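This chain uses plain numbering: 1 for the first residue, then up along the sequence. Since the structure is predicted, the reported quantities are computational estimates derived from the model, not experimental observations.
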Amino acid sequence: MASGATRAAVLLYRASAAQGHARAIYNLGACYEQGKGVGGVDECNAFIYYQKAAAMGYRKAQFNLGNAYRTGKGLEDRDLGKAIDQYLLAAKQGSAEAQYNYALMYFNGMGCAVDKRRAIDYCKLAADQGYAPAVRKLPIWQMSPDRQRAAREAPPSSGGLRVAAAGAAVAAALLWFWFA
């Protein structure tokens, strides 16, 4: 979009947002986050608009608000608990990205206790939608801890891949992870 067209779009988003349209409010947040049509990047305003659209149940805004809470963009400090809450709201509406980020938070214990079962369940939801990062992670997360350890510790093969002594399932998961 040309600069004039982008500014015109922002004006239309503002008019629509004033009438309470969640998508327009979200789009204003995206404009501020990317600095398009608004005079430059403004993470604080992006956060405010995402927060408004998220409160209206708009899943893309919930996901972006989760990202803002996780990274601290537009805030004084990050809040991993609120990030988890926003990811879950978007995940329940079918957002594969949110399902995956929610899974990552629980797999790594970011703002919560580690819960591998919950992480795998939500990663599977995202993988079932074809979300590539989830498709790559899921087979590895589903391996037993012994197989995961064997995969990490196995010496590199002549092709540069780590082929674990733990069996063909590990090798297949690793191949899928690196080449998918």
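To the nearest 0.5 Å, atom CG of residue Leu125 and atom OG of residue Ser95 are 11.0 Å apart. Remark: Asn27 CG to Lys36 NZ distance equals 12.0 Å, nearest 0.5 Å.
Residues Phe63 and Ile84 share a hydrophobic cluster, clusters being chains of Ile/Leu/Val/Met/Phe/Trp/Tyr side chains in contact below 4.5 Å. Hydrophobic clustering (side-chain heavy atoms under 4.5 Å, transitive across Ile, Leu, Val, Met, Phe, Trp, Tyr) groups Tyr131 together with Phe107. A continuous path of Ile, Leu, Val, Met, Phe, Trp and Tyr side chains, each step under 4.5 Å between heavy atoms, connects Met110 with Tyr87, placing both in one hydrophobic cluster. By the rule that hydrophobic residues join a cluster once side-chain heavy atoms approach within less than 4.5 Å of another member, Tyr32 and Tyr13 end up as members of one cluster. Criterion: ILVMFWY side-chain heavy atoms under 4.5 Å apart, direct or through other members. Under it, Ile25 and Tyr58 are not part of a common hydrophobic cluster.
Residues meeting the side-chain contact (heavy atoms from CB on, under 4.5 Å) test with Asp79, sequence neighbours left out: Tyr69, Lys82. Residues satisfying the side-chain hydrogen bond (donor to acceptor under 3.5 Å, both in side chains) test with Gln99, not counting sequence neighbours, are Gln129. Under the side-chain contact (heavy atoms from CB on, under 4.5 Å) criterion, Thr71 pairs with Lys73, sequence neighbours left out. Here Gln34 pairs with nothing under the side-chain hydrogen bond (donor to acceptor under 3.5 Å, both in side chains) rule; sequence neighbours left out. Every residue was checked against the side-chain hydrogen bond (donor to acceptor under 3.5 Å, both in side chains) condition with Arg59, not counting sequence neighbours, and none meets it. Applying the salt bridge (Lys or Arg N to Asp or Glu O under 4.0 Å) rule to Arg14 yields no partners; only residues at least two apart in sequence or on another chain are considered. Applying the salt bridge (Lys or Arg N to Asp or Glu O under 4.0 Å) test to Lys124 and every residue at least two apart in sequence or in another chain returns Asp128. In this view, Leu88 and Lys92, Tyr102, Tyr122 satisfy the side-chain contact (heavy atoms from CB on, under 4.5 Å) rule, not counting sequence neighbours. Residues satisfying the side-chain contact (heavy atoms from CB on, under 4.5 Å) test with Leu104, not counting sequence neighbours, are Tyr100, Asn101, Asn108, Trp141. Applying the salt bridge (Lys or Arg N to Asp or Glu O under 4.0 Å) test to Asp115 and every residue at least two apart in sequence or in another chain returns Arg118.
Summarising the geometry of Ala17 relative to Ala24, their closest heavy-atom pair is N-CB, 3.7 Å, with the distance given to 0.1 Å. Closest heavy-atom contact between Ala90 and Ala98: CB-CB, 3.5 Å. For the pair Val135 and Ala127, the tightest heavy-atom approach, listed with the atom from each and the gap, is CG2-O, 3.7 Å. What you find for Ala126 and Ala96 is that their closest heavy atoms are CB-O, 3.4 Å. For Ala68 against Leu75, the heavy-atom pair with the smallest separation is O-CD1, 3.6 Å. In terms of heavy-atom proximity, Leu138 sits nearest to Ile120 at CD1-O, 3.9 Å.
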Counting only pairs under 3.5 Å, give me each side-chain donor-acceptor contact of residues 39-46, with atom names and distances, residues two or more places apart or in other chains.
unit_1 : atom_1 : unit_2 : atom_2 : d
Asp42  : OD1    : Cys44  : N      : 3.2
Asp42  : OD1    : Asn45  : N      : 3.1
Asp42  : OD2    : Asn45  : ND2    : 2.9

Side chains of residues 47-55: which donor-acceptor pairs under 3.5 Å do they make with residues two or more places apart or in other chains?
unit_1 : atom_1 : unit_2 : atom_2 : d
Tyr50  : OH     : Ala30  : N      : 3.3
Tyr50  : OH     : Glu33  : OE1    : 2.5
Tyr50  : OH     : Asn64  : ND2    : 3.1

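A donor-acceptor distance shorter than 3.5 angstrom exists from the side chain of Gln93 to the backbone of Gly57, with no hydrogens or angles considered. Formation of a donor-acceptor pair under 3.5 Å by the Arg78 side chain with backbone atoms of Arg70 is found in this model.
Side-chain N/O atoms of Tyr106 and Arg117 include no donor and acceptor closer than 3.5 Å.
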